[in-house]
Participant: 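Have a look at this one before I ask anything.
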Amino acid sequence: GQNIDQPTEMTATEGAIVQINCTYQTSGFNGLFWYQQHAGEAPTFLSYNVLDGLEEKGRFSSFLSRSKGYSYLLLKELQMKDSASYLCAVTGGGNKLTFGTGTQLKVEL
Amino acid sequence: EAGVAQSPRYKIIEKRQSVAFWCNPISGHATLYWYQQILGQGPKLLIQFQNNGVVDDSQLPKDRFSAERLKGVDSTLKIQPAKLEDSAVYLCASSDRGAYTGELFFGEGSRLTVL
């Protein structure tokens with residue numbers, strides 16, 4: 001089976017940096033995804049990590065440590081539009097993508 | 001490129017009634033997923049198709065939920081009879097490479113309210 005843990009809520013200030021952590025346990029790891037979901041909308045893809053290390057894409061970066069079962073999503077230069085739920089998801093055996101419960105990020109002035 | 005299409009966007013029914021949701025994936029995407037997302041939770045996989053074959057339906061409540069993907073394109077998810085706890089958003093997603101390496105593209109979802 002798969003188990004994914006991430007904080008329920010986080011609050012940060014516009015222009016700041018925030019790190020959203022995700023820990024996971026899975027049988028047969030094939031990759032870790034981060035998705036962004038605004039209220040009332042569908043999830044949209046942010047990043048994919050399969051090897052250890054940091055993947056950078058503009059203001060967003062994602063880190064993976066497979067030995068520790070740990071990932072984080074780093075958001076820089078926060079904007080109000082970044083207020084959303086951030087979903088950590090893991091692909092395990094069987095080509096199956098399992099999502100965590102999501103971290104609700106609130107960006108304040 | 002057209003995205004994943006779902007209908008209806010909203011549906012309100014009473015418990016014990018039936019409902020059906022339709023999904024049209026992105027053209028050429030072999031893998032299709034149905035997820036259930038209850039308010040405040042992450043999406044939960046109900047069923048995964050590869051072309052018109054079922055890859056995983058281990059979390060599908062088969063006593064009331066059914067899904068099919070005719071000709072490996074469109075898919076329908078049915079609930080009969082509905083229960084109060086089925087109130088959720090039903091998300092359809094498709095992928096051209098599957099979840100191993102491929103990004104999932106989601107539709108806007110079908111929001112079900114069971115009274």
Side-chain angles (χ1 to χ4, degrees), chain A residues 1-10 20 22-24 26-51 55 57 60 62 64 71 73 84-106, chain B residues 2-7 9-10 21 23-26 29-51 53-60 88-113:
Chain A
Q2 293 168 316
N3 187 47
I4 300 170
D5 289 312
Q6 49 182 134
T8 304
E9 296 179 340
M10 297 184 71
I20 302 174
C22 171
T23 58
Y24 64 89
T26 182
S27 54
F29 177 82
N30 287 297
L32 186 143
F33 291 80
W34 285 95
Y35 280 78
Q36 180 190 60
Q37 186 175 27
H38 285 101
E41 298 181 12
T44 54
F45 171 82
L46 288 179
S47 68
Y48 168 69
N49 293 72
V50 64
L51 300 176
E55 294 281 343
K57 188 186 294 185
F60 292 13
S62 56
L64 175 67
S71 173
L73 180 70
S85 179
Y86 290 86
L87 299 162
C88 175
V90 173
T91 301
N95 200 16
K96 176 179 171 179
L97 186 65
T98 300
F99 284 87
T101 56
T103 298
Q104 188 64 46
L105 174 66
K106 182 178 180 182
Chain B
V4 176
Q6 290 189 245
S7 67
R9 287 294 311 280
Y10 305 93
F21 302 113
C23 173
N24 182 244
I26 292 174
H29 281 195
T31 311
L32 185 147
Y33 308 79
W34 283 102
Y35 283 86
Q36 178 194 58
Q37 187 172 26
I38 294 172
L39 188 63
Q41 298 182 18
K44 169 190 164 185
L45 180 67
L46 293 175
I47 189 167
Q48 177 182 337
F49 292 94
Q50 181 73 21
N51 295 310
V54 175
V55 174
D56 187 323
D57 63 356
S58 58
Q59 298 190 94
L60 186 74
V89 176
Y90 291 86
L91 294 164
C92 179
S94 71
S95 172
D96 59 351
R97 283 170 285 169
Y100 278 129
T101 59
E103 170 187 352
L104 266 63
F105 295 85
F106 285 86
E108 292 185 314
S110 294
R111 183 177 297 274
L112 174 66
T113 302

Participant: In the structure I gave you, are the side-chain heavy atoms of B:L104 and A:Y35 within less than 4.5 Å of one another anywhere?
Facilitator: yes
Participant: Counting only heavy atoms closer than 4.5 Å, note whether B:Q6 contacts chain A via side chain, backbone, both or neither.
Facilitator: neither
Participant: Testing the basics here: between A:A42 and B:G107, what is the closest heavy-atom pair and its distance to 0.1 Å?
Facilitator: CB-O, 2.8 Å
Participant: Tell me if the CD atom of B:E108 is crowded by more than 12 foreign heavy atoms within 6.0 Å.
Facilitator: no
Participant: Taking C-beta and beyond as the side chain, do B:S95 and A:L97 meet within less than 4.5 Å on heavy atoms?
Facilitator: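 The answer is no; the side chains never approach within 4.5 Å.
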Participant: If you compare all heavy atoms of B:P43 against all heavy atoms of A:F99, which two are closest, and at what distance to 0.1 Å?
Facilitator: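 Nearest heavy atoms, B:P43 then A:F99: O-CB, 3.5 Å.
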Participant: What distance separates A:L46 CG from B:E103 CD, expressed to the nearest 0.5 Å?
Facilitator: 9.5 Å
Participant: Given that the side chain runs from C-beta out, which part of A:Q37 has a heavy atom under 4.5 Å from chain B: side chain, backbone, both or neither?
Facilitator: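 The answer is the side chain of A:Q37.
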Participant: About how many Å separate CZ of B:F105 and CZ of A:F45, when rounded to the nearest 0.5 Å?
Facilitator: 8.5 Å
